[in-house]
2 protein chains.
Amino acid sequence: MGRKEADVCEIYYVNEVRVRSARQVLSPEREIVSLAEIFRTLGDPTRVKILQALSVEELCVCDLAKLLGISESATSHQLRVLRSQKLVRFRKEGKMAFYSLDDAHIDSLMKEALRHVREGADQGRETTERIRESAE
Amino acid sequence: MGRKEADVCEIYYVNEVRVRSARQVLSPEREIVSLAEIFRTLGDPTRVKILQALSVEELCVCDLAKLLGISESATSHQLRVLRSQKLVRFRKEGKMAFYSLDDAHIDSLMKEALRHVREGADQGRETTERIRESAE
DNA sequence: CTAACGTATGAACAGGTGTGCATGTGAACG
DNA sequence: CGTTCACATGCACACCTGTTCATACGTTAG
């Protein structure tokens with residue numbers, strides 16, 4: 001009894017129960033990956049701005065580009081990413097393409113995260129910057 | 001009146017109102033960056049698993065490593081990232097370090113995102129894979 | 001038709017990210 | 001004391017990401 005695998009952790013048997021119960025809560029790999037994919041998609045300032053802007057009303061590519069201060073090409077690339085995740089949809093009208101939010105969850109996700117940021121994330125940011133600096 | 005900048009978009013004046021109102025909703029740059037940072041932190045399968053596991057109860061590094069199937073070093077590296085964002089905290093007991101969630105928002109964030117994934121993200125994933133394939 | 005426009009996309013490049021390896025640090029134990 | 005253990009960290013390297021540039025596509029105007 002006790003140690004199942006080689007010398008990994010002396011007190012293995014103590015936390016085995018915890019590991020087991022924790023493993024049960026883990027979503028299946030596919031869901032985990034999808035989850036991470038969505039968060040990674042939201043993990044870019046440009047895309048956050050796009051989604052915030054579109055939360056008001058639909059906008060065309062060139063207006064988004066002007067709003068963001070980046071090229072229309074870069075904007076289009078980012079919109080492609082957002083489209084691939086079904087976060088935005090678009091409607092073609094002549095040569096224009098009007099984009100809008102495709103998913104209601106996203107807005108509440110961002111608002112929830114914003115609440116987190118506005119609360120006690122100040123020390124967090126300091127810590128981050130300290131680490132990032134010392135890493136260079 | 002009308003066109004403010006050089007030849008960017010012919011119908012500039014039409015959507016100027018939209019751009020203006022959309023710009024008002026945008027959070028200040030610092031908040032946007034913080035928001036994106038948090039999402040980017042959540043945008044990794046390993047870290048998602050860590051947070052899901054810790055949502056049950058605190059775990060030490062070596063148990064997390066076993067649970068995740070990666071090295072303790074990699075686990076420690078990821079925990080450092082999560083710490084820097086104040087997403088987890090740790091308690092030292094002898095040579096062990098027990099980690100637990102530091103923020104209640106995070107769990108609800110992940111659950112909200114999970115709801116999004118479980119709904120209609122299937123087509124989304126197909127699209128993503130199609131794009132990823134054609135990009136190689 | 002041609003030309004111009006708004007948008008989309010492929011290639012390329014700088015910069016960033018996650019993991020393994022080697023090593024360091026502090027605590028517990030003989 | 002020195003050794004072992006759990007954990008942390010610097011470095012290196014393969015991989016991924018976001019932007020720019022050049023170009024192509026479909027639509028509209030002349």
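Order of the sequence lines sets the chain letters (A, B, ...), proteins ahead of strands, with each chain counted from 1.
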Query - Stepwise side-chain contact (heavy atoms from CB on, under 4.5 Å) test for B:Arg115 and A:His105 - result: CA-CA 8 Å; B:Arg115 229 170 295 146; A:His105 293 282; 4.2 Å; yes
Requested in this report: Decide side-chain contact (heavy atoms from CB on, under 4.5 Å) for B:Arg91 and B:Tyr99; before the verdict, give the C-alpha distance in whole Å, the side-chain angles of both, and the deciding distance to 0.1 Å.
Outcome: CA-CA 6 Å; B:Arg91 170 179 71 83; B:Tyr99 280 82; over 6 Å; no
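Taking atom CZ of residue B:Phe98 and atom C1' of nucleotide D:dA6, one finds them 10 Å apart after rounding to whole Å. Nucleotide D:dG18 holds its P atom 14 Å from the NZ atom of A:Lys49, rounded to whole Å. Regarding A:Arg80, its CZ atom lies at a distance of 22 Å from the P atom of C:dG6, rounded to whole Å. Distance A:Lys92 NZ to D:dG26 P: 9 Å, rounded to the nearest Å. Atom CE of A:Met96 is separated from atom P of D:dC25 by 22 Å (rounded to the nearest Å). If you take CD of B:Glu72 and P of D:dT4, they are 17 Å apart, rounded to a whole angstrom. Separating the CG atom of B:Leu68 from the C1' atom of C:dG18 is a distance of 13 Å, rounded to the nearest angstrom. Rounded to an integer number of Å, the gap from CG of B:Leu82 to C1' of C:dT17 is 14 Å.
Using a 4.5 Å cut-off between side-chain heavy atoms of Ile, Leu, Val, Met, Phe, Trp and Tyr, A:Val81 forms no hydrophobic cluster with any other residue.
Among pairs with a residue in residues 53-80 of chain A, none fulfils ring-ring contact (aromatic ring centres under 6.0 Å, His included), at least two apart in sequence or across chains.
With sequence neighbours excluded, no residue forms a side-chain contact (heavy atoms from CB on, under 4.5 Å) with A:Ser76. Remark: A:Ser27 engages B:Gln52 in a side-chain hydrogen bond (donor to acceptor under 3.5 Å, both in side chains) (not counting sequence neighbours). For A:Ser71, the side-chain hydrogen bond (donor to acceptor under 3.5 Å, both in side chains) criterion is met by no residue, not counting sequence neighbours.
Taking 4.0 angstrom as the limit, B:Tyr99 places a side-chain polar atom (N or O) nearer than this to OP1 or OP2 of D:dA8. Contact check, A:Arg47 against D:dG18: a side-chain N or O comes under 4.0 Å of OP1 or OP2.
Nucleic acid contact for B:Thr75: none, since no nucleic acid atom lies under 4.0 Å from a heavy atom of the residue.
Listed candidates were C:dT9, C:dG18, D:dC7. Nearest to the side chain of B:Asp44 is C:dG18. Of all nucleotides listed (D:dT17, C:dT9, D:dT9), D:dT17 comes nearest to the side chain of A:Arg40.
Residue-to-nucleotide proximity on DNA chain D shows that, of A:Val81 and B:Leu79, the 5′-proximal contact is made by B:Leu79.
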Anything under 3.5 Å between a protein N or O and an N or O of nucleotides 20-26 of chain C, put it in a table, one pair a line.
| residue | atom | partner | partner atom | Å |
| --- | --- | --- | --- | --- |
| C:dG20 | OP2 | B:Ser71 | OG | 2.9 |
| C:dG20 | O6 | B:His77 | NE2 | 3.0 |
| C:dC21 | N4 | B:Ser73 | OG | 2.6 |

